[in-house]
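Take a look at the structure below.
Everything numeric in this text was worked out from a predicted model, so none of it was measured. For the single chain, residues carry numbers from 1 onward in sequence order. Whatever order the structure lists ligands and atoms in, that order sets their numbers, starting from 1.
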Amino acid sequence: MKILLTGGAGFIGSAVIRHVIDDTWHSVVNVDKLTYAGNLASLGEVSDSSRYAFEQVDICDADALRGVFERHRPDAVMHLAAESHVDRSIHGPADFIQTNLVGTGVLLEVARSYFETLTEEGRQAFRFHHVSTDEVYGDLEGPGGLFTESTPYAPSSPYSASKAGSDHLVRAWHRTFGLPVLVTNCSNNYGPYHFPEKLIPLMILNARAGKPLPVYGDGSQVRDWLYVEDHARALITVLESGVIGETYNIGGHNEHRNLDVVERICALLEELAPEHPVGVASYADLITYVKDRPGHDLRYAIDAGKISRELGWQPRETFDSGLRKTVQWYLENESWIEGVTSGSYREWTTHHYGSN
Ligand code: NAD
Ligand code: DAU
């Protein structure tokens, strides 16, 4: 299969590309605009492969996208390109509406025109796989309950509302135009190459720099964590074997309160990086409670029973093993970190957290 994958320079997209090149015989065309979150250094290990190609294109640019489809003639689309950070969507929703909604609409239209040029055999094989989030379901109150594929949509943030809208567009293109789509909704990912605006890498880097570890509110919010390589395997499993028109929820069965996650990171750092920054007696002393995120969702948790029963996918990492690997990776990959924590990253952290 030749997969046209959008957002391949991002956190999850780059993990999917590494998995495709290292563990399958598929080829991949990475279509990425290279926003602040896109980083080709995350693909260094695989970018020389003859099964990999890169096109720097904005998914909102229909002409450029048409050119990519014509040049590469893909067998499938896997769509990950998005603005992905909830806090940024609160500071500035416009880019989220543009890429996540308008961009998905443009990609669907270009893919549909291309699909109509395919032979009968090509149409039978073609798939449009839309990669989405559990945040479209809103939040769960209290400790019980799980998101299933039939949980009603109730997004809370500009980010999750734009993703919910993109899911609706994809399903409408299936029902109205017969585009053979697949949709996946996944929980919080973590692992190597994660941009350090998100909770886990932010806490690792701040702790190593002796900076405050900013916990929103009282830190009691719960997320269901999945190691990114488990997500990458799940996505290729769905692309290869999923039933057209179906949705699959993906999650790690790893629910943890934010404060507990931060404390575990501190404990791992005590073990793996015992030399503290100057003036810091213990990493946990850096934990600082800050103003809560507006509209903050309390709890997410995924029922991943369908993908497990029907397609045989299971996560391989536990939270303990995945978090240890992740902390170790950030301790060993300073040059990648330096490359992404440039001027624009510092502008964001100053803007959002203040000058500390
Ligand atoms: P990311 O922010 O790390 O990467 C996004 C990528 O998309 C970047 O490489 C960026 O350059 C590219 N991009 C952004 N706008 C673009 C545009 N207009 N045209 C082309 N490329 C563009 O995101 P991520 O965390 O890797 O998430 C990937 C996808 O998975 C998103 O659709 C997100 O909603 C979804 N998702 C993420 C998580 C998570 O925990 N990170 C969980 C579930 C679902
Ligand atoms: O659930 C899937 C979603 O997970 C994806 O769709 C999003 O793209 C991805 O960014 C992630 O969203 P979250 O908002 O859950 O992730 P984030 O890492 O931003 O925050 C995780 C939790 O930690 C959340 O409850 C907010 C809290 N938090 C986050 C930051 C950045 C803090 O307490 N302090 C922080 O500084």
Can you name the side-chain contact (heavy atoms from CB on, under 4.5 Å) partners of Ser156, sequence neighbours left out?
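Here the qualifying residues are Asp297.
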Please work out whether any backbone atom (N, CA, C, O) or any side-chain heavy atom from C-beta onward of Ser187 is under 4.0 Å from ligand 2, and answer side chain, backbone, both or neither.
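The backbone, only.
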Which segment of Leu202 sits under 4.0 Å of ligand 2 when only heavy atoms are counted
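Leu202 to ligand 2: side-chain contact only, backbone stays beyond 4.0 Å.
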Which residue and heavy atom of the protein sit nearest [atom], plus the separation:
atom                    : result
atom 33 (O) of ligand 2 : Tyr216 N, 2.9 Å
atom 16 (O) of ligand 2 : Asn188 ND2, 3.5 Å
atom 5 (C) of ligand 2  : Tyr159 OH, 3.6 Å
atom 19 (O) of ligand 2 : Arg293 NH2, 3.0 Å
atom 21 (C) of ligand 2 : Leu199 CB, 3.8 Å
atom 13 (P) of ligand 2 : Glu135 OE2, 3.4 Å
atom 34 (N) of ligand 2 : Pro214 O, 2.7 Å

Considering Gly219, Ser84, Cys186, which one's heavy-atom position lies nearest to atom 9 (C) of ligand 2?
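Selected option, by shortest heavy-atom distance: Ser84.
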When you measure from atom 23 (O) of ligand 2 to each heavy atom in Thr349, Asn258, Val261, Leu298, which option holds the nearest one?
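Ranked by closest heavy atom to atom 23 (O) of ligand 2, first place is Asn258.
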Distance, nearest 0.5 Å, that separates NE2 of His130 from CG of Asn185:
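Here the rounded value is 7.5 Å.
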Using a 4.0 Å cutoff against the non-hydrogen atoms of [X], which atoms of ligand 2 qualify?
X      : answer
Thr133 : 1 (O), 2 (C), 3 (C), 5 (C), 6 (O)
His85  : 19 (O)
Val86  : 14 (O)

Heavy atom of His296 under 4.0 Å from ligand 2?
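So His296 counts as touching ligand 2.
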Lys33 side-chain N/O to Cys60 backbone N/O, donor-acceptor pair under 3.5 Å
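Flag not set: sc Lys33 to bb Cys60 has no pair under 3.5 Å.
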Taking ring pair (Phe, Tyr, Trp, His ring centres under 6.0 Å) as the definition, give me every residue that meets it alongside His85, ordered by chain and number, with sequence neighbours left out.
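Here the qualifying residues are Trp348.
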What residue pairs, at least two apart or across chains, pass side-chain hydrogen bond (donor to acceptor under 3.5 Å, both in side chains) with a residue in residues 333-345?
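Checked against side-chain hydrogen bond (donor to acceptor under 3.5 Å, both in side chains) - neighbours excluded - the pairs reaching residues 333-345 are Ser42-Trp336.
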Show the short N or O contacts, below 3.5 Å, that ligand 1 makes with protein N or O atoms; if there are none, say 'none'.
from	atom 1	to	atom 2	distance (Å)
ligand 1	2 (O)	Ser84	OG	2.7
ligand 1	3 (O)	Phe11	N	3.0
ligand 1	9 (O)	Gly10	N	2.9
ligand 1	9 (O)	Asp32	OD1	3.4
ligand 1	9 (O)	Asp32	OD2	2.6
ligand 1	11 (O)	Asp32	OD1	2.6
ligand 1	11 (O)	Thr35	N	3.0
ligand 1	11 (O)	Thr35	OG1	3.1
ligand 1	18 (N)	Asp58	OD1	2.9
ligand 1	18 (N)	Thr99	OG1	3.0
ligand 1	19 (N)	Ile59	N	3.0
ligand 1	21 (N)	Lys33	N	3.0
ligand 1	23 (O)	Ser84	OG	3.3
ligand 1	26 (O)	Phe11	N	3.3
ligand 1	26 (O)	Ile12	N	2.8
ligand 1	32 (O)	Leu80	O	2.9
ligand 1	32 (O)	Lys163	NZ	2.6
ligand 1	34 (O)	Tyr159	OH	2.7
ligand 1	34 (O)	Lys163	NZ	3.1
ligand 1	40 (O)	Asn189	N	2.9

So for ligand 2, is Tyr353 a polar contact partner (N or O within less than 3.5 Å, distance only)?
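So ligand 2 has an N or O lying under 3.5 Å from an N or O of Tyr353.
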